[in-house]
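Have a look at the structure below before the remarks.
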Amino acid sequence: MSAADLGIDYGTFGNVFVLGNGKGGVGKTTLTGNMSAKAAREKLKTLAIDVNGQGNLRRELGYGKQDEGAAFAESMRNGTALVPIAGVRENLDVVPGGKNVRELNDIFISLATSQGPLAAFLRLAQCLQPILPKYDAVFIDSPPENPNLLIMCLAAARWVITPVKSDAASLEDGLRDFAQSFSMVKGQINPLLTLLGVVHFSSQRNATNVHKDVEGRAKKILGKVAHTFETVIGQSESTSKLAREASNSCPVFELNQRRLAGDRTVPEAAGALAEDHDNLTLEVFARAQSLRSAA
């Protein structure tokens, strides 16, 4: 049995990006929020999906707790189309996460038992496929340290973006776990799945030697052809913390717009960090288009 036998047409998943690493705290949620917001500002109809029990994407986009993933879990349980929150930003819809998303692992086990592992791994793809025609770009924030749900996310995507930090846990433990899941999905479920690139997250922009070391270590795990994006997401703890505060909960771009309008509570570093996120998003789209054209 294959994905096609279960009704999955991977030709329709060409604009789906998943943020993946086996370790938490490497920037997946922050990148999902900021890249989704940038795509929407580029007039692309965009969807962000939060596959996390903490539901922290709301801290990047400010839509509140909503139903804490209840509708998401219900769709996954029944195999019906996802129902996003519309208009979180102009051109941006969101499938929110939260405590109810923690039910997905039980749903996965139930499906694997009753219908087989392939049906379980493809459930997110099954629920996402009906709404794909509505969107020009879809970003999936995958959960850490849950191989079953990571595989489910990879099986619902075309492109993979892997953020890393320079610590050993992120580069070695997290990437090794991720690489195993990626290889399994590409080899057995989703042959079109492509590692788009590795992102240096929360790194000093001019730390060239550190970047070369990270790139080399990533290639040892992911393969010599693994691409590393030129754009580095720089460090600014004060800016990142401010953006995620409950009173703000916004992409860094919007925080910087406030600074430019005269809000002196926003650090000057917000400008450079906003530029990093915007440049990375454009680089991601350019590389995906280049690989599509070469195929």
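Within the 3.5 Å criterion, the main-chain N or O of T29 finds no donor-acceptor partner in the side chain of E60. S36 places a side-chain N or O within 3.5 Å of a backbone atom of T32 that can act as its donor or acceptor partner. Using a distance-only test at 3.5 Å, with no hydrogens or angles considered, a donor-acceptor pair links the side chain of D5 to the main chain of S2. No donor-acceptor distance shorter than 3.5 angstrom exists from the side chain of T228 to the backbone of A226, with no hydrogens or angles considered. Side-chain atoms of Y10 come within 3.5 Å of backbone N or O of A155 as a donor-acceptor pair. A donor-acceptor distance shorter than 3.5 angstrom exists from the side chain of N190 to the backbone of A157, with no hydrogens or angles considered. Side-chain N or O atoms of N34 include one that pairs as donor or acceptor with a backbone N or O of T30 at under 3.5 Å.
Aromatic ring centres of F229 and F201 lie farther apart than the 6.0 Å criterion allows.
Closest approach of K165 to S202, counting heavy atoms only: CE-CB, 4.1 Å. Taking all atoms of both residues into account, the shortest heavy-atom contact from P96 to Y63 is CB-CE1, 3.7 Å. Pairing each heavy atom of A40 with each of T46, the nearest pair is N-OG1, 3.6 Å. Contact between S142 and L150 at its shortest, heavy atoms only, is OG-CD1, 3.7 Å. Residue G234 comes nearest to L273 through the heavy atom pair O-CD1, 3.4 Å, listed as atom of the first residue, atom of the second, then distance. Nearest heavy-atom pair, S75 versus C127, reported as atom, atom and distance to 0.1 Å: O-SG, 3.4 Å.
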Practice prompt. Let me see the working for N52 and Q54 under side-chain hydrogen bond (donor to acceptor under 3.5 Å, both in side chains), right down to the final yes or no.
Written response: CA-CA 5 Å; N52 287 274; Q54 291 182 330; over 6 Å; no
Worksheet entry | salt bridge (charged side-chain N to carboxylate O under 4.0 Å, His left out) between K45 and D93, worked out | CA-CA 8 Å; K45 186 63 177 176; D93 300 344; 3.6 Å; yes
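In this structure, L31 and H277 have side chains that are in contact, with non-hydrogen atoms separated by less than 4.5 Å. With contacts defined as side-chain heavy-atom distances shorter than 4.5 Å, the pair F13/I8 qualifies. The shortest side-chain heavy-atom distance between N148 and F121 falls under the 4.5 Å cut-off. You'll find the side chain of K43 reaches within 4.5 Å of the side chain of N91, heavy atoms only. With a 4.5 Å cut-off on side-chain heavy atoms, C250 and R89 count as touching. Using a 4.5 Å cut-off on side-chain heavy atoms (C-beta onward), P144 and N21 make no contact. With contacts defined as side-chain heavy-atom distances shorter than 4.5 Å, the pair R217/I221 does not qualify. Taking 4.5 Å as the limit, every side-chain heavy atom of V101 sits out of range of all side-chain heavy atoms of D50.
Under a 4.0 Å N-O distance rule, the pair R77/E74 qualifies as a salt bridge.
Around atom CZ of R59, no more than 12 heavy atoms belonging to other residues, nucleotides or ligands sit under 6.0 Å away. For E245, the CD atom is densely surrounded, since the number of other residues' heavy atoms within 6.0 Å is greater than 12. Dense packing is recorded around NZ of K219, with more than 12 heavy atoms of other residues, nucleotides or ligands lying under 6.0 Å away.
Cluster annotation: L92 is not connected to L47 through the hydrophobic network of ILVMFWY side chains, with a link wherever side-chain heavy atoms come within less than 4.5 Å. Side-chain heavy atoms closer than 4.5 Å link hydrophobic residues (I, L, V, M, F, W, Y) into clusters, and following such links, possibly through other members, connects M152 to F72. No single ILVMFWY cluster, assembled from side-chain heavy atoms under 4.5 Å apart, contains both I233 and V18. Transitive grouping of hydrophobic side chains (ILVMFWY, heavy atoms separated by less than 4.5 Å) keeps V83 and L132 in distinct clusters. Grouping the Ile, Leu, Val, Met, Phe, Trp and Tyr side chains by contacts below 4.5 angstrom, directly or via other members, places L175 with L154.
Identified under the salt bridge (Lys or Arg N to Asp or Glu O under 4.0 Å) test for residues 276-290, with sequence neighbours left out: R41-D278, R205-D276. Every pair passing salt bridge (Lys or Arg N to Asp or Glu O under 4.0 Å) that includes a residue from residues 27-40 is listed here, sequence neighbours excluded: K38-E42. For residues 260-270, every residue pair satisfying the side-chain hydrogen bond (donor to acceptor under 3.5 Å, both in side chains) rule, not counting sequence neighbours, is listed here: R258-D263, D263-T265.
By the 30° and 60° cut-offs, the orientation of the rings of F178 relative to F182 is tilted.
The CG atom of L195 sits 9.5 Å away from atom NZ of K186, with the distance rounded to the nearest 0.5 Å. Taking CZ of F17 as the reference point, atom CZ of F285 lies at 5.0 Å (rounded to 0.5 Å). Atom CG of residue L122 and atom CG of residue L128 lie 12.0 Å apart, to the nearest 0.5 angstrom. Atom-to-atom distance recorded for T281:OG1 and M35:CE is 4.5 Å, nearest 0.5 angstrom. One finds the CZ atom of R244 at 12.5 Å from the CZ atom of R58 (value rounded to the nearest 0.5 Å). For the atom pair R123 CZ and M76 CE, the distance stands at 7.5 Å (nearest 0.5 Å).
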Sequence neighbours excluded and cut-off under 3.5 Å, please list the side-chain donor-acceptor pairs for residues 107-119, or say none.
{"residue": "T113", "atom": "OG1", "partner": "I109", "partner atom": "O", "Å": "2.9"}
{"residue": "S114", "atom": "OG", "partner": "S110", "partner atom": "O", "Å": "3.0"}

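In this structure, L242 shares a hydrophobic cluster with L255, V266, the cluster being traced through Ile, Leu, Val, Met, Phe, Trp and Tyr side chains under 4.5 angstrom apart.
With sequence neighbours excluded, the residues that form a side chain to side chain donor-acceptor pair (under 3.5 Å) with N15 are R292.
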